[in-house]
Protein chains: 2
Amino acid sequence: MRLTTRGRYAVTAMLDLALHGADGPISLADISQRQEISLSYLEQLFAKLRQNELVSSVRGPGGGYRLARSGESINVAEIIDAVNESIDATSCSGKGNCQSGGVCLTHHLWDDLSQQIHRFLSGISLDSLVHQQEVRLVVLRQAEESEIS
Amino acid sequence: MRLTTRGRYAVTAMLDLALHGADGPISLADISQRQEISLSYLEQLFAKLRQNELVSSVRGPGGGYRLARSGESINVAEIIDAVNESIDATSCSGKGNCQSGGVCLTHHLWDDLSQQIHRFLSGISLDSLVHQQEVRLVVLRQAEESEIS
DNA sequence: TTAAAACCTACTAAATAAGTATGTTATTTA
DNA sequence: TAAATAACATACTTATTTAGTAGGTTTTAA
């Protein structure tokens with residue numbers, strides 16, 4: 001199972017879109033600066049997010065990305081899925097052929113765990129994050145930091 | 001966050017101990033054969049499990065490993081912790097310094113997720129696995145396989 | 001026409017995981 | 001007492017993945 005910088009970056013960037021994308025598209029350069037993520041790496045992530053129709057793009061000056069759907073209808077699990085293959089804790093990708101064609105001793109456990117994680121993450125929408133106290137505080141700090149620089 | 005073959009092997013091997021260790025220590029060679037895990041790799045994992053006092057060892061012929069405590073009192077989370085550093089989904093290892101000294105936009109989310117996973121896995125004891133229908137079926141199959149070979 | 005931005009592809013470096021190899025040491029048993 | 005067994009220890013190799021870099025092209029607004 002992988003839950004690594006890639007998935008974290010994707011969710012962070014999508015949340016940035018949800019927070020700042022109200023009036024017009026947001027450029028990756030902006031996100032890169034605010035969230036301190038390499039621009040080129042963001043481009044690779046957004047290629048996948050676009051393929052999965054989580055964002056839409058506007059090319060040319062003043063262009064950028066916006067959410068393809070409402071922040072209410074986009075959940076964290078599908079963002080991670082989009083860039084990260086999947087959140088699956090089994091060794092057999094859920095196929096159940098982990099040991100000599102059958103399941104291994106702990107297959108059921110990892111399957112359970114995967115479901116738990118998926119249930120948890122799919123219950124969290126971008127909108128719900130936007131309204132969290134903890135998130136709002138970070139947004140304020142990031143706004144101050146951008147004024148200074 | 002890492003939940004990979006290493007943690008899975010460790011839990012599988014510990015469960016094997018819980019299943020077969022009733023009368024005397026179990027050698028890693030046995031576990032290696034039943035669970036199809038490289039012996040040398042198992043030795044490395046058991047070094048950590050021993051350091052973390054989850055198993056105790058008996059050297060010499062007829063020796064092997066046994067659970068250091070009752071299967072009821074050992075849970076899956078601590079096994080993974082023992083071999084795997086930790087099940088932590090944040091990028092800052094929970095420290096909260098993920099962005100310029102403060103927390104990043106999604107820190108709280110990953111912290112929440114880590115707690116969820118930890119709560120789930122620490123609620124599962126080796127004993128509870130031993131009594132699961134899914135596990136018992138695999139044990140039967142593995143017993144048949146060892147007769148054949 | 002220029003600049004801004006998406007879009008695309010290939011490459012590199014670093015980290016980690018997984019596995020292999022080669023021993024040494026302790027202890028039981030014949 | 002010798003041989004076999006199994007833990008214990010360490011170093012090395014290989015493969016994979018991640019994270020990031022580099023160097024472009026295409027589109028489009030100003």
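Protein chains get the first letters and strands the later ones, always in sequence-line order, with residue 1 at the start of each.
- Counting non-hydrogen atoms under 4.0 angstrom, Ser40(B) reaches a base of the nucleic acid.
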Take Ser125(B) and Asp127(B) through the test side-chain hydrogen bond (donor to acceptor under 3.5 Å, both in side chains) and record every step on the way to the result. CA-CA 5 Å; Ser125(B) 69; Asp127(B) 256 22; 5.8 Å; no
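- Minimum heavy-atom separation, Ala89(A) to Ser114(A): N-OG, 2.8 Å.
- Between Ile26(B) and Glu43(A), the residue whose closest nucleotide on DNA chain D is further toward the 5' end is Ile26(B).
- Atom CG in Leu39(B) sits roughly 14 Å away from atom C1' in dA9(D) (whole-Å rounding).
- Here the shortest heavy-atom pairing between Arg136(B) and Val130(B) reads NH1-O, 2.8 Å.
- For the pair Leu3(B) CG and dT16(C) C1', the interatomic distance rounds to 15 Å; values are reported in whole Å.
- For Arg59(A) and dT26(D), a side-chain-to-base donor-acceptor distance below 3.5 Å is present, hydrogens and geometry of angles not being considered.
- Put simply, the side chain of Leu15(A) does not reach to within 4.5 Å of the side chain of Leu109(B), judged on heavy atoms.
- For Tyr9(A) and dT18(D), the shortest distance from a side-chain N or O to OP1 or OP2 is not below 4.0 Å.
- The structure places CD1 of Ile117(B) at 6.0 Å from CG of Leu113(A), a figure rounded to the nearest 0.5 Å.
- Note on the helix from dT1(C)-dA30(D) to dA30(C)-dT1(D): angle between the axes of the first and last five pairs equals 10°, rounded to 10 degrees.
- Residue Gln44(A) places no side-chain atom within donor-acceptor reach of the base of dT9(C), judged by atom type and a 3.5 Å distance cut-off alone.
- More than 12 heavy atoms of other residues, nucleotides or ligands sit less than 6.0 Å from atom CD of Glu43(B).
- When rounded to the nearest whole Å, the span between CG of Leu42(B) and C1' of dA7(D) equals 13 Å.
- Considering only side-chain atoms of Arg50(A), the nucleotide from dA7(D), dA6(C), dC8(C) that sits closest is dC8(C).
- For the pair Lys48(B) NZ and dA7(D) C1', the interatomic distance rounds to 18 Å; values are reported in whole Å.
- The side chain of Ser38(A) sits closest to dT21(D) out of dT21(D), dA6(C), dA6(D).
- Distances shorter than 4.0 Å separate none of the side-chain N or O atoms of Thr4(A) from OP1 or OP2 on dT18(D).
- For the pair Ser57(B) and dA6(D), the criterion of a side-chain N or O lying under 4.0 Å from OP1 or OP2 is not met.
- The distance between atom CG of Leu45(B) and atom P of dT10(D), rounded to the nearest whole Å, is 16 Å.
- For the pairing with Ile124(A), the side-chain contact (heavy atoms from CB on, under 4.5 Å) check across Asn75(A), Val76(A), Val11(A) returns one residue only, Val76(A).
- Between the CG atom of Leu49(A) and the C1' atom of dC7(C) there is a distance of 14 Å, given to the nearest Å.
- Looking only at side-chain heavy atoms (C-beta outward), Val103(B) and Asp111(B) stay at 4.5 Å or farther from each other.
- Distance CD1/Ile31(B) to CG/Leu17(B): 4.0 Å, rounded to 0.5 Å.
- Hydrophobic clustering (side-chain heavy atoms under 4.5 Å, transitive across Ile, Leu, Val, Met, Phe, Trp, Tyr) keeps Val58(A) apart from Leu28(A).
- In this structure, Leu17(A) places its CG atom 14 Å from C1' of dA6(C), rounding to the nearest Å.
- Contacts of residues 93-105 of chain B with DNA chain C (heavy atom under 4.0 Å): none.
- Annotation: of the two residues near DNA chain D, Ser27(B) and Gly60(A), the 5′-most nearest-nucleotide partner is Ser27(B).
- Each of dA18(C), dA7(D), dT5(D) was ranked by its minimum atom distance to the side chain of Pro61(B); first place goes to dT5(D).
- In this structure, Ala47(A) and Gly63(A) both approach DNA chain C, and ranking their closest nucleotides by distance from the 5' end singles out Gly63(A).
- In this model, the phosphate group of dA19(D) is approached by a side-chain N or O of Tyr41(A) to a distance below 4.0 Å at OP1 or OP2.
- Within the structure, every side-chain polar atom (N or O) of Thr5(A) is placed at least 4.0 Å from both OP1 and OP2 of dT18(D).
- At the heavy-atom level, Tyr65(A) lies under 4.0 Å from the strands shown only through sugar-phosphate atoms.
- Residue Phe46(A) contributes atom CZ, which lies 13 Å from atom C1' of dA5(C) at whole-angstrom precision.
- Aromatic ring orientation, Tyr65(B) versus Phe46(B): tilted (interplanar angle from 30° to 60°).
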